[in-house]
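This report concerns only the one structure given below.
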Amino acid sequence: MKYKREVYLADYAGFCFGVIRIAKIIEETLAGGGEVYALGEPIHNPIKVGEWKKKGLKVVSRAEDVRSGSTVIVRAHGVPLSEWKILESKDVKILDGTCPLVRKVYDKADFLLRNGYFVIIAGDPSHPEVKAEASFLPEGKFKIFTGKNSDIPDDNFRRNYKKIGVVAQTTLSDQLLKNVVIPLIGVEELLVFNTICYETHRRQESAKNLASRVDLMIIIGGKNSSNTTKLYQICREIVDSYHIESADELNPEWFLGKKKVGITAGASTPDEVIKDVINWIETLS
Ligand code: SF4
């Protein structure tokens with residue numbers, strides 16, 4: 001049977017304000033000439049980062065590799081304190097691309113620490129953002145819980161503290177934050193700062209909403225992007241879903257018998273990539 005396929009884009013998809021902010025810093029700095037470094041992948045999208053590399057951006061993972069006399073841009077999700085210290089000891093111009101919503105996590109964790117709370121970071125300890133956040137806290141004064149499976153605070157842990165404060169990785173899902181917070185109920189003083197970024201939250205809610213109304217979801221974004229991966233995890237629990245980085249990965253077989261197709265994209269996915277995917281699907285017979 002032949003029919004016209006319907007394609008819907010989630011209400012919130014693609015570049016968030018933190019990515020727009022750092023993209024502007026990078027493009028203006030590259031246009032100004034000189035040697036320009038990014039410390040860490042500036043955003044989690046290989047296509048966009050590849051374009052900047054072609055224009056001369058040098059992406060390094062260690063502050064030591066930034067040459068004196070150059071300009072260095074710190075990635076949107078921040079870098080550890082040790083890397084900041086190395087940069088500050090060098091003769092380099094530092095442009096801080098850390099997203100203000102990531103900075104807010106640092107500020108809230110610092111507030112908790114100064115006010116005598118044991119700090120819990122709800123998030124993935126292997127994610128660069130969480131590694132950077134944790135690096136600003138003294139050993140023994142904080143703990144990270146992912147909220148997945150059994151990685152949540154247990155009764156023994158809870159009984160050790162009278163004051164516990166919680167902050168969250170900006171790209172965490174509401175459910176994982178709940179998984180970490182609920183077992184803490186019963187602590188004498190519990191203070192939770194919901195630092196999940198509203199851009200992430202909107203994208204997750206609109207993806208969930210769209211996924212419940214279509215036959216198939218396509219989620220576009222870097223495979224190394226935490227927020228894109230979360231969108232994929234949310235959608236695949238509701239409907240058949242595929243996570244791709246670009247239109248090149250689309251497979252006509254996925255669309256057999258699927259009339260309504262939903263599209264969403266992570267916070268670091270450029271508009272051009274989203275448009276390419278929509279065009280590809282709309283021209284599929
Ligand atoms: S996803 Fe949120 S925290 Fe991350 S860069 Fe975008 S606005 Fe900032």
Side-chain angles (χ1 to χ4, degrees), residues 9-29 38-49 51-52 57 59 73-80 83-84 95-110 121-136 144 146-147 166-177 192-208 219-235 243 245 264-271 273-274:
L9 180 63
D11 290 342
Y12 294 97
F15 271 15
C16 62
F17 99 91
V19 169
I20 292 171
R21 179 177 172 274
I22 195 169
K24 189 164 178 277
I25 295 174
I26 292 171
E27 275 154 24
E28 286 177 358
T29 311
L39 180 52
E41 290 280 311
I43 63 171
H44 288 146
N45 188 280
I47 297 174
K48 197 72 201 168
V49 174
E51 282 174 22
W52 290 329
L57 184 71
V59 178
I73 299 162
V74 170
R75 68 171 164 228
H77 283 163
V79 296
E83 296 291 306
W84 272 106
L95 298 177
D96 188 4
T98 311
C99 174
L101 296 184
V102 173
R103 281 253 161 246
K104 187 172 151 195
V105 184
Y106 298 174
D107 294 344
K108 296 298 184 195
D110 183 57
I121 303 175
D124 175 356
S126 65
H127 189 278
E129 178 196 321
V130 175
K131 282 186 183 170
E133 286 154 3
S135 73
F136 286 83
I144 303 169
T146 60
V166 183
V167 291
Q169 179 181 346
T170 56
T171 50
L172 201 69
S173 66
D174 289 355
Q175 188 57 55
L176 291 181
L177 178 58
V192 180
F193 286 115
N194 181 355
T195 49
I196 295 175
C197 119
Y198 64 85
E199 295 263 18
T200 301
H201 192 265
R202 280 176 178 170
R203 277 160 185 69
Q204 290 177 358
E205 287 304 304
S206 63
K208 199 187 294 176
I219 297 93
I220 317 162
K223 298 274 164 65
N224 58 347
S225 158
S226 162
N227 75 84
T228 311
T229 305
K230 294 240 169 52
L231 291 175
Y232 170 58
Q233 287 164 348
I234 288 169
C235 293
H243 176 179
E245 288 188 349
T264 190
S268 45
T269 307
D271 281 354
V273 178
I274 300 173

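Whatever order the structure lists them in is the order used to number ligands and atoms, beginning at 1.
A search for side-chain contact (heavy atoms from CB on, under 4.5 Å) contacts involving Ala76 returns Ile22, not counting sequence neighbours. Qualifying side-chain contact (heavy atoms from CB on, under 4.5 Å) partners for Cys99, counting only residues two or more places apart in sequence or in other chains: Phe17, Leu101, Val102.
Taking each heavy atom of Glu27 and Lys48 in turn, the nearest pair found is OE2-CE, 3.9 Å.
Looking at Glu245, its side chain does come within 3.5 Å of a backbone N or O of Lys223 through a donor-acceptor pair. Judged purely by atom type and a 3.5 angstrom limit, Thr264 has no side-chain atom pairing as donor or acceptor with the backbone of Ala207.
For residues 9-25, the pairs satisfying salt bridge (charged side-chain N to carboxylate O under 4.0 Å, His left out) are Lys24-Glu28, with sequence neighbours left out.
Within the protein, the number of N, O or S atoms lying under 2.8 Å from atom 8 (Fe) of ligand 1 is 1.
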